[in-house]
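Everything on this sheet refers to the single structure shown next.
Whatever order the structure lists them in is the order used to number ligands and atoms, beginning at 1.
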Amino acid sequence: MARPLPEIVRIEWPPGHDAPPPATDATLDRAADVLRRGGLVAIPTETVYGLAADALDEAAVDGIFRAKGRPATNPLIVHVADVAMARSLAAPWPEMAERIAAALWPGPVTVVVPKGPSVPDVVTAGGSTVALRCPAHPLARRLIERSGIPLAAPSANRSEQVSPTTAHHVLESLGSKVGLILDGGPCERGIESTVIDCTVTPPRILRPGPLTRSDLEAAVGGPVVWPAADEAATGPARSPGSRARHYCPKTALELPADPAARVQAHLAAGRRVGWLVLVADERARTLAGSRDLVAVPMPTDPAAYARQLYATLHALDQRQLDRIVADPPPADEAWRAVADRLSRAAEPGAGS
Ligand code: TXA
Ligand code: MG
């Protein structure tokens, strides 16, 4: 018998109120029950939706890997309510992590620290380090606080697909593999957290994200190292999920140097094209009238671009297009995370 589709329950916390409405707290308590029984709950965070289970329950965490089709070699992030909970999962809790947490938590940065004995090996893919993050989404934190359960939660999508930034994206990607989806509205940041390794000196960014290297350098009061530009694709996988070929839309995406020419060539060959337009020049405006082209003007501010990127890719994936072409983003640091996600979304070899 087919399993039923998940229940999607709206949760909200109107601004200016000390506590969420009673209905929201009741839903969070229901979610906590599901988690206590070893089940999975999709939760909103400020970055992307997460697929959560009790991080200390090995069987429950196994369920995450099965639902996502995620390789057991790719470790999970554990979400905590505060620094005290983070400390209880680390051994030892490094000074660098303390500085980052003090300055930037709750927020979209994940610290990799030595793993404490309470964390099951399945969470860390057998490794001796654990990734910890305190999410800024007030409802995600309230769920962790009320339940007292640290939550292992990767992005709530099938492995290698684009991360979800709405409850509807979770439903599309995971369907009946998750029983309960908490709908906290669209995610504010729109791309996954910055991951930083605090087990090395100087600390090293493993995945660029909403917080930039300068944000992290200000927090630690010293240098922070980027991975070399091509390291994620070719080097040893210090952060396995940061390998290339991740975050891929179903429609092949290209990032050509001359996007207008590429779009024009596709249209001439009878292909249907989606175009993420950053530079709306004369050529873009002329092509925009084509019947087989869906041109999406993208924000020229990197944070706003990030907020819309995955939602745009999800929407274009519904349009039966042959290709998606994206204008290359500017080279400066503020665009680093967007550039990273776009280059991973671009399929190597799809450039014809
Ligand atoms: O914003 C986010 O980080 C979202 C939300 C739900 O919090 N989560 C997320 O999880 O993006 P996931 O599983 O899709 O990505 C986790 C990343 C992967 O690249 C994984 O390899 C890396 O963190 N990671 C996890 N544990 C690690 C560890 N111990 N050492 C190095 N990298 C680790
Ligand atoms: Mg993911």
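When each of R158, K68, H314, Q161 is paired with S173, the side-chain hydrogen bond (donor to acceptor under 3.5 Å, both in side chains) condition holds for Q161 and for no other. Considering I64, L76, V61 as possible partners of V122, the one that fulfils the side-chain contact (heavy atoms from CB on, under 4.5 Å) test is V61. Each of I43, L139, D25 was checked for a side-chain contact (heavy atoms from CB on, under 4.5 Å) with I11, and the lone residue meeting it is L139.
The proximity of K115 to ligand 1, defined as any non-hydrogen pair under 4.0 Å, does not occur for either the backbone or the side chain. Residue-level proximity to ligand 1 for L76 is carried by the backbone, the only part with a heavy atom below 4.0 angstrom. Neither the backbone nor the side chain of T124 comes within 4.0 Å of ligand 1, counting heavy atoms alone. Only the side chain of T47 comes within 4.0 Å of ligand 1, counting heavy atoms alone; its backbone N, CA, C and O stay farther away. Of the heavy atoms in E46, none comes closer than 4.0 Å to ligand 1.
Atoms of ligand 1 found under 4.0 Å from any heavy atom of S193, numbered from 1 in the order shown, are 1 (O), 2 (C), 3 (O). Which parts of ligand 1 touch H79 is read off a 4.0 Å heavy-atom cut-off, strictly below it: atoms 5 (C), 6 (C), 7 (O). Numbered from 1 in the order shown, with element, the atoms of ligand 1 that lie under 4.0 Å from a heavy atom of L206 read 31 (C).
In terms of N/O distances under 3.5 Å, ligand 1 is approached by S155. For Y49, no nitrogen or oxygen atom sits less than 3.5 Å from a nitrogen or oxygen atom of ligand 1, counting backbone and side chain alike. In terms of polar-atom proximity, T110 is not counted as a contact of ligand 1, lacking any N or O under 3.5 Å from an N or O of the ligand.
Taking each of R207, R189, E192 in turn, the one with a heavy atom nearest to atom 15 (O) of ligand 1 proves to be R207.
Taking the charged nitrogens against the carboxylate oxygens, D33 and R36 do have a contact shorter than 4.0 Å, which makes a salt bridge. A salt bridge does not link D258 with R262: every distance from a Lys NZ or Arg NE/NH1/NH2 to an Asp or Glu carboxylate oxygen is 4.0 Å or more.
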Can you check salt bridge (Lys or Arg N to Asp or Glu O under 4.0 Å) on R142 and E145, steps first, answer last?
-> CA-CA 5 Å; R142 190 159 178 100; E145 255 160 29; 5.4 Å; no

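Around atom CZ of R319, no more than 12 heavy atoms belonging to other residues, nucleotides or ligands sit under 6.0 Å away. Residue-environment remark: CD (E58) stays at or below the threshold of 12 foreign heavy atoms within 6.0 Å.
When distances to the Mg ion (ligand 2) are checked against a cut-off of 2.8 Å, N157 contributes no N, O or S atom below that limit.
Side-chain contact between L182 and T27: present, with at least one pair of heavy atoms (C-beta onward) separated by less than 4.5 Å.
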